[in-house]
Amino acid sequence: QVQLVESGGGLVQAGDSLRLSCAASGRTFSSGAMGWFRQAPGKEREFVATVNWSGSSTTYADSVKGRFTISRDNAKNTVSLQMNSLKPEDTAIYYCAARVGSHASTSQLLYNYWGQGTQVTVSS
């Protein structure tokens with residue numbers, strides 16, 4: 001069992017940066033891939049970024065590529081999402097997710113555990 005708690009959300013202006021963190025508990029954290037997803041008002045939840053178990057492989061949605069960076073610290077059981085050059089369209093609830101499998105994945109269906117989410121609002 002893995003429990004995930006996100007933090008770091010808030011209200012920022014366009015062009016600002018924000019760093020989201022996800023604290024994980026559970027023995028399987030270091031062996032599983034992690035991901036960030038987001039859900040904007042009135043839209044379905046979508047993939048943002050994922051990292052494999054070791055942190056050596058990452059994948060990003062085209063909409064955030066070059067602006068967001070996902071990283072993990074297995075010693076501290078945390079995964080982070082550094083978000084730079086934020087845009088109003090990045091406004092959403094951001095969710096941290098963990099999967100049992102070690103390979104990074106863009107598919108929500110492959111994630112076994114989810115956090116409660118943290119709100120990110122970007123004003124223009």
Side-chain angles (χ1 to χ4, degrees):
Q1 188 78 10
V2 175
Q3 292 182 328
L4 306 172
V5 179
E6 303 97 334
S7 62
L11 172 63
V12 297
Q13 294 186 331
D16 285 350
S17 297
L18 207 56
R19 186 177 182 87
L20 304 183
S21 293
C22 175
S25 62
R27 296 183 300 169
T28 60
F29 172 80
S30 61
S31 64
M34 301 291 295
W36 285 95
F37 295 79
R38 67 187 183 185
Q39 186 168 20
K43 296 186 177 181
E44 294 187 351
R45 189 164 57 188
E46 64 176 7
F47 165 74
V48 175
T50 180
V51 60
N52 72 337
W53 71 277
S54 66
S56 63
S57 176
T58 59
T59 302
Y60 298 91
D62 288 342
S63 59
V64 307
K65 199 171 297 183
R67 299 188 298 123
F68 290 11
T69 301
I70 187 171
S71 60
R72 66 187 297 163
D73 185 337
N74 287 342
K76 296 181 179 179
N77 281 6
T78 59
V79 61
S80 299
L81 185 68
Q82 177 66 41
M83 305 185 294
N84 298 330
S85 302
L86 283 162
K87 305 175 181 180
E89 50 263 44
D90 293 318
T91 294
I93 299 174
Y94 283 71
Y95 297 91
C96 173
R99 62 181 302 245
V100 174
S102 61
H103 297 294
S105 174
T106 63
S107 172
Q108 301 181 46
L109 298 177
L110 296 182
Y111 286 82
N112 306 96
Y113 307 101
W114 293 83
Q116 293 298 310
T118 185
Q119 177 71 48
V120 172
T121 304
V122 184
S123 63
S124 57

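Quick note: residue numbers are just sequence positions, from 1.
Atom-to-atom distance recorded for T59:OG1 and K65:NZ is 8.0 Å, nearest 0.5 angstrom. Note that the OG atom of S85 and the CZ atom of R67 stand 7.0 Å from one another [nearest 0.5 Å]. Atom OG of S54 and atom CG of N74 lie 8.0 Å apart (nearest 0.5 Å). Put simply, OG on S57 and NE2 on H103 are 9.5 Å apart, with the number rounded to the nearest 0.5 Å. For the atom pair CD (Q39) and CD (Q108), the distance works out to 8.5 Å, reported to the nearest 0.5 Å.
Crowding of E46 atom CD: a count of heavy atoms from other residues, nucleotides or ligands under 6.0 Å exceeding 12.
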Side chain to side chain contact (heavy atoms under 4.5 Å, CB included) between M83 and Y94, worked out: CA-CA 11 Å; M83 305 185 294; Y94 283 71; 3.9 Å; yes
From CA spacing to verdict: side-chain hydrogen bond (donor to acceptor under 3.5 Å, both in side chains), T78, D73: CA-CA 5 Å; T78 59; D73 185 337; 4.9 Å; no
Step-by-step side chain to side chain contact (heavy atoms under 4.5 Å, CB included) determination, R19 to S80: CA-CA 7 Å; R19 186 177 182 87; S80 299; 3.5 Å; yes
Residues L81, T69; criterion side chain to side chain contact (heavy atoms under 4.5 Å, CB included); working and verdict: CA-CA 6 Å; L81 185 68; T69 301; over 6 Å; no
From CA spacing to verdict: side chain to side chain contact (heavy atoms under 4.5 Å, CB included), F68, L86: CA-CA 9 Å; F68 290 11; L86 283 162; 3.8 Å; yes
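At least one donor-acceptor pair closer than 3.5 Å links the side chain of T50 to the backbone N or O of M34. In this structure, S17 contributes its side chain and N84 its backbone to no donor-acceptor pair below 3.5 Å. Judged by distance alone, with hydrogens and angles left aside, the side-chain atoms of R72 form a donor-acceptor pair with the main-chain N or O of N52 at under 3.5 Å. No side-chain donor-acceptor contact under 3.5 Å links E6 to the backbone of C22.
Side-chain contact between V12 and T121 is absent, with no heavy-atom pair separated by less than 4.5 Å. N112 places none of its side-chain heavy atoms less than 4.5 Å from the side chain of V2. Within the 4.5 Å cutoff, no side-chain heavy atoms of Q119 are placed close to those of L11. The closest side-chain heavy-atom distance from R38 to Y95 is not below 4.5 Å. For the pair S102/S31, no side-chain contact is recorded, criterion being any heavy-atom separation below 4.5 Å from C-beta on. The shortest side-chain heavy-atom distance between W36 and L20 falls under the 4.5 Å cut-off. With contacts defined as side-chain heavy-atom distances shorter than 4.5 Å, the pair Q82/S71 does not qualify.
Both Y60 and V79 belong to a common hydrophobic cluster when Ile, Leu, Val, Met, Phe, Trp and Tyr are linked at side-chain heavy-atom distances under 4.5 angstrom. Each of L4 and L110 belongs to its own hydrophobic cluster when Ile, Leu, Val, Met, Phe, Trp and Tyr are linked at side-chain heavy-atom distances under 4.5 angstrom. Both Y113 and I70 are part of a single hydrophobic cluster, where members link through side-chain heavy atoms under 4.5 Å apart.
A search for ring pair (Phe, Tyr, Trp, His ring centres under 6.0 Å) contacts involving Y111 returns F37, not counting sequence neighbours.
Note that R45 lies in the cation-pi zone of W114, set by a 6.0 Å cut-off to the ring centre and a 45° limit from the axis.
A salt bridge between K87 and D90 is absent, with no side-chain N of the basic residue lying under 4.0 Å from a carboxylate O of the acidic one.
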